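Here is the structure we will look at, set down as structure tokens.
All figures in this text were calculated on a predicted structure; none of them were measured in a lab. Letters A, B, ... are given to chains in the order of the sequence lines, protein chains preceding strands, and every chain is numbered from 1.
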Amino acid sequence: MSATMSLKDDATPSTGPLLSVEDLRVTFQRHGEKPFTAVDGVSFDVHPGQTVGLVGESGCGKSVTSLALMGLLPKRGNRVEGRATYEGTDLLSLSDKEMRDRRGRDIAMIFQDPLSSLNPVVSIGIQVTEVMERHQGMSRKDAMPRARDLLERVGIPDPNARLKNYPHQLSGGMRQRALIAMALACEPRLLIADEPTTALDVTIQAQILALLKELVQDTGTALIMITHDLGVVAGLCDEVNVLYAGRIVERGDRHRLFARPRHPYTHGLLSSIPRLDSPRGEKLTPITGSVSDNLPWTSACAFAPRCSHALDVCRQESPPWEWESDGRGLRCFNPVDPEEVRRG
Amino acid sequence: MADPRTSRTKAQAGDVLVDVRGLKVHFPIKRGVIFDRTVGHVYAVDGVDLQLRRGETYGLVGESGCGKSTLGRAILNLETPTEGTVLFDGEDIASLKGETLRRKRQHMQMVFQDPMSSLDPRQSVESLLVEGMRAHGLDTDKAATHARLRELLQAVGLPPAALQKYPHEFSGGQRQRIGIARALSVDPELIVADEPVSALDVSVQAQVLNLLEELQDEFGLTFLVVAHDLAVVRHISDRIGVMYLGGLVEESEAGELYDLPLHPYTRALMSAVPVPDPVLEDTREQILLTGDLPSPSRPPSGCRFHTRCPWRQPTRCDDERPQLRVVDVPGASEGHRVACHWVEAIASGDVDRHEVAAEYVGSGDATTPADDGSPFGPASVQEIG
Ligand SMILES: Nc1ncnc2c1ncn2[C@@H]1O[C@H](COP(=O)(O)OP(=O)(O)OP(=O)(O)O)[C@@H](O)[C@H]1O
Ligand SMILES: Nc1ncnc2c1ncn2[C@@H]1O[C@H](COP(=O)(O)OP(=O)(O)O)[C@@H](O)[C@H]1O
Ligand code: SF4
Ligand code: SF4
Ligand SMILES: [Mg+2]
Ligand SMILES: [Mg+2]
């Protein structure tokens, strides 16, 4: 995994990774149903201060990955395998109690829907101070001014008054800010954001993304950014991982990945989204079919039925993960030739 | 298709098909257990003039709650205007009744965001498609109906075998194709598509967008596409209208809107859309708006955008509502209209951008005005306007 270190364009971290995920696998087994592997051998590193993107379409395993790392998957009916080493400790082997102690202190998470992650009958102020009381042993009296500062820091207007508000009294954007304030309360070294702006309007999304960018820069927090929006990734992430059907199919530094996508899926995604700045009348090139056409990874490339590059071997063998000379990782028998990529 | 143009022989592409004049749709906010008391209104659509020309695709963009869907529904006569009129082919649709209304309705169809919830899960695709045709008396001859069904499926790119299947057997993109086939089945002139691709996966969106374009070329349809995604709208539209809090703030040919956005809100909106291009993302200038969208139940006075506008001026902005008008800006064409008092001065650089302090606007939930004494009694709600 150390090859990923050379991928960063700015300031290669001198220390090792903060979090190293190795071969993460999550299998759901519902009663009377065939086991379903939602995350199928995912590996990636996150270095201090780095922003790593996990991008893919709905159902590809982004949320399950983050929930597994946070120890938030339901205990019954699923199996989590692999390792997630955070500063020498494997998070996946921790007890519930040990994980609870770390959650919110070392690693914090921001979800898509802030309303469901906030307690509706507890004021914002109490919810923010509770995190500090629990993890830092602060008294509510001491924590309250800090909570106020945090709300101000994340751009909530009139923070003193907002401390007394309940979640339903805030707009979607303000709730997401409040959640970010809570996540920052204990100065975690790693923040996981799962589609933090998907439910928001685009002008509010721009505010939240700018805030996250600024926080990462100012505090040195590492960020795992999970999204289906390639545009969000392009502006925010140092390194981008593209997921398809539970596996990472391509990884690279964002500049290289967007300028020269090598995996047919990445390439297909980029040619199928309309761009605000594309010339008028430019035809989109959709990816044919849908994820319901997938083949199992165990004996094929899952993407083969939809892939315009597919060879016979793609339906008979599972493509292995390989590193390219430019430090990019790829899982494909017949990648897109950089010369044929028209984007730039 | 069985000559879709018979009814349109006299019509010319470019004629006005739909003429919206001074349209307002206000929803009362009711309170009280025994007596329904009207405690306020949601000004969902609040004074819109809009023309749809035959054969064009008009895109309506704006953020959540700005009234796009309500405007689309009002054009289809699915909402009753509080004020103003909608003329369809020269006739005021609100005045039509019974048989005439039914016949008119046939010419206007809707495609919904979530294909699953708009299709009855217990009906096969065949019965879903025939149902619409039957309602409009188009299902007279069995053989003709069957031929028509095959044509419809072909037009939307589904195999004939799809007829015997049920909605749950299809993917989201395929279901959206069924929804589109259903709208086409009655041979409409106008299709209003409300967020037609926003429930679909990125890779599938393009399939449906391309389909909409092909259908328009093939059948000369008029489309009103309502969407929050500016890139999607820009891709398929000939003209675009930008809405903010119940009103149109800018209207222009699609390419020109992108090259020369003039209204401060359009400029901010455009700069906020993330582009999948790291180089552009790193270099382009962003106009970050502070604060939230005010609630449509308490729209700001004057220019509705004045609470967030980085170009707001001490005069006119707060108390005089700007009309949508042709502007005197180099490069702007006749059809480019903007509702801003200061647009010329902003474009020439005579009026500068400045910082805006964010105002608290509450939950934005129109049905619970923050000042109505809700159980938690918000301590310090700042009234806007
Ligand atoms: N039947 C109704 N009764 C009361 N209020 C309504 C009704 N329909 C819509 N509204 C309100 O009118 C406003 C405009 O709604 P509309 O659905 O047109 O917005 P929109 O622009 O389509 O938003 P979105 O992008 O979220 O779909 C909103 O505040 C909405 O809550
Ligand atoms: N608790 C669960 N039980 C069974 N299947 C699940 C569960 N949670 C998620 N899945 C399935 O795992 C896959 C990946 O889900 P998820 O990670 O939520 O996708 P996304 O990439 O959209 O976040 C999906 O097919 C989903 O239906
Ligand atoms: S392995 Fe084969 S099917 Fe899979 S993406 Fe590469 S070329 Fe396509
Ligand atoms: S009228 Fe004033 S507040 Fe409104 S957009 Fe123009 S400058 Fe801004
Ligand atoms: Mg998810
Ligand atoms: Mg809507």
Show your reasoning for whether side-chain contact (heavy atoms from CB on, under 4.5 Å) applies to L200(A) and Q176(A). CA-CA 9 Å; L200(A) 304 175; Q176(A) 199 56 284; 4.3 Å; yes

Task: Pi-cation contact, Y244(B) with R304(B) (under 6.0 Å, within 45°) - done: no

Answer key: most heavy-atom pairs under 4.5 Å with chain B among D277(A), V232(A), L269(A), I204(A) is D277(A)

Highest number of heavy-atom pairs under 4.5 Å with chain A among G291(B), G65(B), G172(B), A357(B) belongs to G291(B)

Turns out that what part of D201(B) lies under 4.5 Å from chain A's heavy atoms comes down to both

Honestly, the part of S271(B) sitting under 4.5 Å from a heavy atom of chain A is neither

d(R175(A) CZ, H168(A) NE2) to nearest 0.5 Å is 9.0 Å

Honestly, the part of D293(A) sitting under 4.5 Å from a heavy atom of chain B is neither

Counting heavy-atom pairs under 4.5 angstrom with chain B, the leader among T203(A), L236(A), V291(A) is T203(A)

One option among V275(B), L230(B), T290(B) has the most heavy-atom pairs under 4.5 Å with chain A, and it is V275(B)

Salt bridge (Lys or Arg N to Asp or Glu O under 4.0 Å) with E250(A): of R260(A), R331(A), R328(A), only one passes, and it is R328(A)

When the 4.5 angstrom heavy-atom criterion is applied to L209(B) and chain A, the contacting part is side chain

Cut-off 4.5 Å, heavy atoms of chain A, and the answer for L200(B) is neither

Pair R256(A) + E239(A), salt bridge at N-O below 4.0 Å
no

Whatever's closer than 4.5 Å to a heavy atom in chain A on L269(B) counts as both

Interface check, chain A: of N210(B), D282(B), V273(B), most non-hydrogen pairs under 4.5 Å belong to N210(B)

Per-residue tally against chain B (heavy atom, under 4.5 Å) across I156(A), I287(A), L276(A) peaks at L276(A)

Honestly, the part of Q207(A) sitting under 4.5 Å from a heavy atom of chain B is both

Discussion item. Please verify the inter-ring angle class for F303(A) with H263(A); under 30° counts as parallel, over 60° as perpendicular, anything in between as tilted.
Written reply: tilted

Do C66(B) and L245(B) have side chains that get closer than 4.5 Å, going by heavy atoms?
-> no

Closer than 3.5 angstrom, by distance alone: can the side chain of K68(B) be matched with the main-chain N or O of H228(B) as a donor-acceptor pair?
no

Start with the C-alpha distance between S272(A) and Q205(B), add both sets of side-chain angles, then the distance that settles side-chain hydrogen bond (donor to acceptor under 3.5 Å, both in side chains), and finish with yes or no. CA-CA 8 Å; S272(A) 67; Q205(B) 283 191 1; over 6 Å; no

